[in-house]
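Have a look at the structure below before the remarks.
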Amino acid sequence: MTRLVPMLPVASMPASVEFYTRLGFSVDQRNDDWRWASLSFGDCRLMLDESINVHHGAPRNGVLYLYPDDIAAYHAALRDNGIAVPALDETFYGMREFRIEDPDGNRLWIGQAV
């Protein structure tokens with residue numbers, strides 16, 4: 001196996017694409033007829049798919065852990081992009097991190113080793 005690309009079920013592919021682009025992802029491919037998009041951020045890849053979201057009202061339970069090169073700068077950039085982010089926290093397991101949710105309730109943990 002050479003790579004793994006998560007595919008998240010979403011209620012609104014356009015709303016989710018807008019959210020993830022505000023996080024710094026770029027849209028590599030998008031098909032509005034399929035309600036699917038592929039995004040990237042450096043070497044990271046993510047797919048969003050509205051068509052596999054069979055339970056639209058159900059909260060999502062996925063967790064993505066993102067590792068930016070500079071957690072403080074990335075944290076500030078998200079605030080500048082209008083994303084509500086909590087304060088940075090230093091964890092007992094040696095990470096400086098913060099946690100947010102996407103529009104579908106998927107959890108994003110964003111951190112850097114201390």
Check [X] against [Y] and note the closest heavy-atom contact, atom names and distance.
X	Y	result
I52	P9	CG1-CB, 3.8 Å
V17	V27	CG1-CG2, 3.6 Å
L66	P68	O-CD, 3.4 Å
S12	D104	N-OD1, 4.5 Å

Quick check against the 3.5 Å criterion: does Q29 have a side-chain atom that pairs as donor or acceptor with the backbone of S38? no
Strictly distance-based, threshold 3.5 Å: is any side-chain N or O of N31 a donor or acceptor partner for the main-chain N or O of D33? yes
Given the rule in the side chain to side chain contact (heavy atoms under 4.5 Å, CB included) test, do L8 and D102 qualify, once you have shown the distances and angles that lead to the verdict? CA-CA 11 Å; L8 298 177; D102 75 6; 4.0 Å; yes
Do the non-hydrogen side-chain atoms of [X] and [Y] ever get within less than 4.5 Å of each other?
X	Y	result
V85	I110	no
Y65	E97	yes
L64	L46	yes

Inspect the surroundings of CG in D69 and state if more than 12 heavy atoms from other residues, nucleotides or ligands are less than 6.0 Å away. no
I would like to know whether E50 and L48 meet side chain to side chain contact (heavy atoms under 4.5 Å, CB included); could you show each step before the answer? CA-CA 7 Å; E50 189 177 331; L48 306 171; over 6 Å; no
Taking only Lys NZ, Arg NE, NH1 and NH2, and the carboxylate oxygens of Asp or Glu, determine whether R30 and D32 approach each other closer than 4.0 Å. yes
Could you note down all residue pairs passing salt bridge (Lys or Arg N to Asp or Glu O under 4.0 Å) where residues 16-25 supplies at least one of them, sequence neighbours left out? E18-R22
Residue pairs passing the ring pair (Phe, Tyr, Trp, His ring centres under 6.0 Å) test with at least one member in residues 86-114, sequence neighbours excluded, are H75-F98
Of all residues at least two apart in sequence or in a different chain, which pass the ring-ring contact (aromatic ring centres under 6.0 Å, His included) check with F25? Y20, F41
Should L39 and I83 be counted in the same cluster of Ile, Leu, Val, Met, Phe, Trp and Tyr side chains packed under 4.5 Å apart? yes
Residues Y74 and Q112: side-chain donor-acceptor under 3.5 angstrom: no
